[in-house]
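Notes to accompany the following structure.
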Number of protein chains: 2
Amino acid sequence: MPREGKRIKGSVGERAEARDQLRAELLSAARALADESAGFDSVTVRSVADRVGYTAPIVYQYFANKRALLVGLVDVGFAELADRLGRAQCPEEYARAGGPLLAVATAYWEFAAENPHLYRLMHTLSDVPFGTAKAPAAARECFGVLKAAVELGAPDHPAAKVDDDAVADLLWAHLHGLVSLTLDGRIKGGPRRARELLADLTVSFVGTPLPVE
Amino acid sequence: MPREGKRIKGSVGERAEARDQLRAELLSAARALADESAGFDSVTVRSVADRVGYTAPIVYQYFANKRALLVGLVDVGFAELADRLGRAQCPEEYARAGGPLLAVATAYWEFAAENPHLYRLMHTLSDVPFGTAKAPAAARECFGVLKAAVELGAPDHPAAKVDDDAVADLLWAHLHGLVSLTLDGRIKGGPRRARELLADLTVSFVGTPLPVE
DNA sequence: GGTCGAATTCTAACGTTGATAGAAAAGGAG
DNA sequence: CTCCTTTTCTATCAACGTTAGAATTCGACC
């Protein structure tokens, strides 16, 4: 869709708005290009600019460099993931899915399945750490949902003795591990079977009774 | 270290040997460059060739393209991981580490900690699937070790009902998830705390007794 | 309403990268 | 000593990220 108005114009307020919109269009363009071809390797600065009807240098009016553009997309990704997880975080969804863990795990899985390239980018782009502070707000939000689910769904997990966040960290790691290996084609049987494993992941996470002798 | 003999020479048999050695040197050079700077992004065909005392086109005498060179390194990585896991797979190590799962998990963790860039490459380079067949032999070997450990260490895992490999798949996913997030700097507290989580991962994997009421 | 100035966008170019073609050089075989 | 194969390099290409500076456009002010 080549731009119609082409140049950004209007009063100061209108321009600020138009600038925000073009920034968003650049992000969408990059995302769309990654989806249409095979991943973000084939997304070039020129192709992104082309798709919104501009030439390459326009990108640098909105992002410091290509990497910043991709980091912008990572933020979008976490925002969408947070939204999806948030919608799973309510008693109705907990009940419908069969428990807090399953509800949250399913939401996580579905986001990754519907946005494989974006998901991969979110974990491929290094130096976007979010150990504690400095993390994108959306990422902390995601973590919060996982933590809430874990407190209800696996209150007696052994990792709880490490600290308050440990169990949620572990759940995130488990989800990411399964999703990541699946996207990489490293789980035999593909997404279908991996989806089954996801259910058992949550089952084992709440704690399996040891055989009583 | 610029080459000394420079040109490959000698009788037919000697040349085959020398070719194999140069191939290995190219792989080592790429690996070393990744370790010295920050990851494989800064590894260029020219820099690899330079490091072994040749010019860029030499690489294409040994690998179809840059990607093939990196895939070669992935194979090296899985071979080393298989070796390390294999050394953990014996009754002595099982006992020393506190069970088969801990032994295997520790070996996995240590490999990743000592070779972060290579580990990342092994999971970043897409289209190197090993769902079932076609997988590098070393990767199947790794899986075999995990499977053996799981059969001893978590015989009653709920995922066992999916199929024979399900529990091992899950363990691999859990290990990869924690390692991967740690390398990405996404676990607060860094490797130190993540290492603790690893222990609890295995504890919860064998099955936590539910509180008996 | 015409002019000024700031904002926006493009053209042109640079250095680097992966990759290829073809020339050059080197060594074994007869 | 000459030939022929193998090995290696020089030169070059197109594509990429990025930047400088020119050109254009439009709102604002007199």
Side-chain angles (χ1 to χ4, degrees), chain A residues 2-27 29-30 33-34 37-73 121 125 127, chain B residues 2-27 29-30 33-34 37-73 121 125 127:
Chain A
R3 295 186 73 71
E4 40 194 301
K6 257 309 205 183
R7 195 183 199 89
I8 284 186
K9 57 184 176 183
S11 65
V12 184
E14 291 169 332
R15 268 185 306 165
E17 194 178 347
R19 274 188 65 89
D20 286 354
Q21 191 196 328
L22 182 46
R23 202 191 108 104
E25 276 181 50
L26 288 169
L27 290 172
L33 285 168
S37 10
F40 281 92
D41 288 350
S42 52
V43 173
T44 72
V45 172
R46 283 175 174 83
S47 68
V48 170
D50 265 13
R51 184 171 249 261
V52 297
Y54 283 85
T55 56
I58 200 71
V59 170
Y60 298 90
Q61 298 291 330
Y62 294 84
F63 301 94
N65 47 39
K66 184 186 184 181
R67 184 190 168 76
L69 170 72
L70 296 181
V71 170
L73 262 184
L121 183 73
L125 216 59
D127 296 338
Chain B
R3 294 187 72 73
E4 40 194 299
K6 258 306 204 186
R7 194 183 199 87
I8 286 186
K9 58 183 178 182
S11 65
V12 185
E14 290 169 333
R15 269 184 308 166
E17 193 177 349
R19 275 189 64 90
D20 285 355
Q21 190 196 328
L22 181 47
R23 203 192 107 103
E25 276 181 50
L26 288 168
L27 289 172
L33 285 168
S37 10
F40 281 92
D41 287 350
S42 52
V43 173
T44 72
V45 173
R46 281 175 175 82
S47 66
V48 171
D50 264 13
R51 184 172 249 262
V52 297
Y54 283 84
T55 56
I58 201 73
V59 170
Y60 298 92
Q61 299 289 331
Y62 293 85
F63 301 94
N65 46 39
K66 184 186 184 181
R67 185 190 167 73
L69 170 72
L70 296 181
V71 169
L73 261 183
L121 183 73
L125 215 59
D127 297 338

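In what follows, chains are A, B, ... by sequence order, proteins preceding strands, each numbered from 1. Predicted model, so just to flag it, every value in this text is computed and none were measured.
Straight-line distance from the CG atom of B:L22 to the C1' atom of D:dT6: 14 Å, rounded to whole Å. In this structure, CG of A:D41 is placed 17 Å from P of D:dA15, rounded to the nearest angstrom. Atom CG of B:L26 and atom C1' of D:dT7 are 14 Å apart (whole Å). Atom pair A:D50:CG and D:dA15:C1' shows a separation of 13 Å (rounding to whole Å applied). Distance A:L69 CG to D:dG17 P: 10 Å, rounded to the nearest Å. Regarding A:I58, its CD1 atom lies at a distance of 13 Å from the C1' atom of D:dT25, rounded to whole Å. Across the protein-nucleic acid pair, B:R23 atom CZ and D:dT7 atom P stand 15 Å apart, rounded to whole Å. In this entry the distance linking CZ of A:R46 with P of D:dA14 reads 14 Å, nearest Å.
A distance of 9.5 Å separates CG in B:L73 from CG in B:L125, rounded to the nearest 0.5 Å. Interatomic distance, CZ of A:R23 versus CG of A:L69, reported as 8.5 Å (0.5 Å rounding). Taken from CZ in B:R51 to CG in B:L26, the straight-line distance is 12.0 Å, to the nearest 0.5 Å.
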Identify the pairs formed between an N or O of the protein and an N or O of nucleotides 22-25 of chain C at a distance under 3.5 Å, and give each distance.
{"from": "C:dA25", "atom 1": "N3", "to": "B:R7", "atom 2": "NH2", "distance (Å)": "3.4"}

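Listed by chain and residue number, nothing satisfies the side chain to side chain donor-acceptor pair (under 3.5 Å) test with A:T55 (two or more places apart in sequence, or in another chain). The side-chain contact (heavy atoms from CB on, under 4.5 Å) search around B:A56 returns B:V45, B:R46, not counting sequence neighbours. Legend: residues meeting side-chain contact (heavy atoms from CB on, under 4.5 Å) with B:A68, ordered by chain and number and at least two apart, are B:F63, B:A64, B:N65. With sequence neighbours left out, the side chain to side chain donor-acceptor pair (under 3.5 Å) criterion links A:S37 to A:S42.
Each of B:P57 and A:Y62 has a nearest nucleotide on DNA chain C; the 5'-most of these lies closest to A:Y62.
Of the candidates C:dT9, C:dA19, D:dT18, C:dT9 carries the atom nearest the A:Y54 side chain, counting heavy atoms from C-beta on.
Among the protein residues, A:V48 comes within range of no part of the nucleic acid, since none of its heavy atoms lies under 4.0 Å from any strand.
Regarding contacts with the backbone of C:dT9, every side-chain N or O of A:T55 stays at 4.0 angstrom or more from both OP1 and OP2.
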